[in-house]
Amino acid sequence: MSTIVIKIGGRAAENRESLGALCDELLIISREHRLVLVHGGGAEVTNVSRRFGIESRFLDGVRQTSPEEMDIVDMVLAGKVNSQLVRLLRVRGLDAVGLSGSDGGTFIGESVAGRGARTRTGEVTHINVRLLIILLDAGYLPVLSSTSMDADGNGLNINADTAAFRLAAQLEAGALVFLSDIPGVISDGSVIQALSEEEAKSLIDRGVIEGGMVPKVTASFDAMDKGVKKVIIGQYESPGSLARLLEGKEGTRLWK
Ligand SMILES: Nc1ncnc2c1ncn2[C@@H]1O[C@H](COP(=O)(O)OP(=O)(O)OP(=O)(O)O)[C@@H](O)[C@H]1O
Ligand SMILES: [Mg+2]
């Protein structure tokens, strides 16, 4: 049974209608594949932060998380988004288990500015999929938020796209699918069906790929470098979308 890692973006995870159809499809696919879900929630973190008087800051599409905002990241991602997703999956018949990156030491990281630095935006330094494998072997569907911790026990916010690619590589996944709120990587108003690394670099340089799409495209090629053969960026648009994305009939397939 091959493993498929699916990363669901925050806005994509809020669309209950398409998410319901996705759950139905996951149930079918789960009979033939081991599935791991990773979710984001960036837009909701920004909204809730604003309510607490914190203005989110981004650098190359990656949130620069202050210690104050880290509390909100924990509440929104490991709390609200993760719980809602697990509940929805369970109602649709999937045996979902919600986890954060801290659970079972799945991923441990370090502040991007180095150990002890103030910013809580982190990068993964250790990954351990033992807990995930125990859950997968027992038939559960793990649902992970990308919040994690550093070696000193402080909370760490890891970009969910990066967390998904690291998990896909470590689990030797056959496919990594990014479900977002756009039908694929867009250039000149249409979805690019197949995107090479060279073309992606040029689109980033020209600002055609920007914001949250930058870490996603970067994570995609990093995953391929680590042996994940199939990486797709797209959207869950209608019933059957996941199969069509996996078959290359929808979304953007990355290649190198
Ligand atoms: N060339 C592009 N093609 C498509 N989307 C792009 C492009 N450049 C920038 N984007 C932006 O990238 C966004 C998707 O990334 P974003 O980080 O916002 O969502 P996500 O990763 O799905 O969710 P989360 O960050 O919550 O995990 C799109 O909504 C779009 O605004
Ligand atoms: Mg994102």
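In what follows, every heavy atom counts, from backbone to side chain, and hydrogens, waters and symmetry copies are set aside. Whatever order the structure lists them in is the order used to number ligands and atoms, beginning at 1. On a predicted model such as this, the values are computed, not experimentally measured, just so you know.
When each of K7, R166, R63 is tested with D161 by the rule salt bridge (Lys or Arg N to Asp or Glu O under 4.0 Å), just one qualifies, namely K7.
The shortest contact between atom 5 (N) of ligand 1 and any protein heavy atom is with M213 CE, 3.5 Å. Looking only at protein heavy atoms, the nearest one to atom 17 (O) of ligand 1 is G212 CA, 3.3 Å.
With a 4.0 Å heavy-atom cut-off, ligand 1 is reached by the side chain of I182 but not by its N, CA, C or O. Within the 4.0 Å heavy-atom criterion, the part of K7 lying near ligand 1 is the side chain and not the backbone.
Under the 4.5 Å side-chain criterion, counting only non-hydrogen atoms from C-beta, R244 is not in contact with I232. For the pair E110 and D150, the minimum side-chain heavy-atom distance is 4.5 Å or more. A 4.5 Å side-chain heavy-atom check between I28 and D24 finds every atom pair outside the cut-off.
Using modelled atom types, one side-chain atom of T46 and one backbone atom of G42 make a donor-acceptor pair closer than 3.5 Å. Of the possible donor and acceptor atoms, one in the side chain of N82 sits under 3.5 Å from a partner among the backbone N and O of V143. Between the side chain of T252 and the backbone N or O of V185, at least one donor-acceptor pair lies under 3.5 Å. In this structure, the side chain of E25 engages the main chain of G240 through a donor-acceptor pair within 3.5 Å. No donor-acceptor distance shorter than 3.5 angstrom exists from the side chain of R120 to the backbone of N157, with no hydrogens or angles considered.
Close approach to V208 involves these atoms of ligand 1, each under 4.0 Å from a residue heavy atom: 1 (N), 2 (C), 7 (C), 8 (N). Each of the following atoms of ligand 1 lies closer than 4.0 Å to a heavy atom of K216: 20 (P), 21 (O), 22 (O). Close approach of ligand 1 to V185 (heavy-atom distance below 4.0 Å) involves ligand atoms 3 (N). Atoms of ligand 1 lying under 4.0 Å from at least one heavy atom of E210, given by number and element, are 8 (N), 9 (C), 10 (N). When each atom of ligand 1 is checked for a heavy atom of I186 under 4.0 Å away, the hits are 1 (N), 2 (C), 3 (N), 4 (C). Residue-ligand proximity, G41 to ligand 1, at heavy-atom distances under 4.0 Å covers atoms 24 (P), 26 (O), 27 (O).
Comparing G10, A43, S180 against atom 19 (O) of ligand 1, the shortest heavy-atom distance belongs to S180. Among I209, V217, D181, I233, the residue whose heavy atom lies closest to atom 13 (C) of ligand 1 is D181.
The closest approach between any non-hydrogen atom of G184 and ligand 1 is below 4.0 Å. Judged by the shortest distance from any of its heavy atoms, A12 lies outside the 4.0 Å radius around the atoms of ligand 1. Residue contact annotation: R11 has a non-hydrogen atom under 4.0 Å from ligand 1.
For atom 31 (O) of ligand 1, the nearest protein heavy atom is 4.0 Å or more away.
Between A160 and ligand 1, a contact under 3.5 Å exists for no N or O pair.
Inspection of the E123 and T162 side chains reveals no N or O donor paired with an N or O acceptor under 3.5 Å.
Taking 4.0 Å as the cut-off between side-chain N and carboxylate O, R206 and E199 do not count as a salt-bridged pair.
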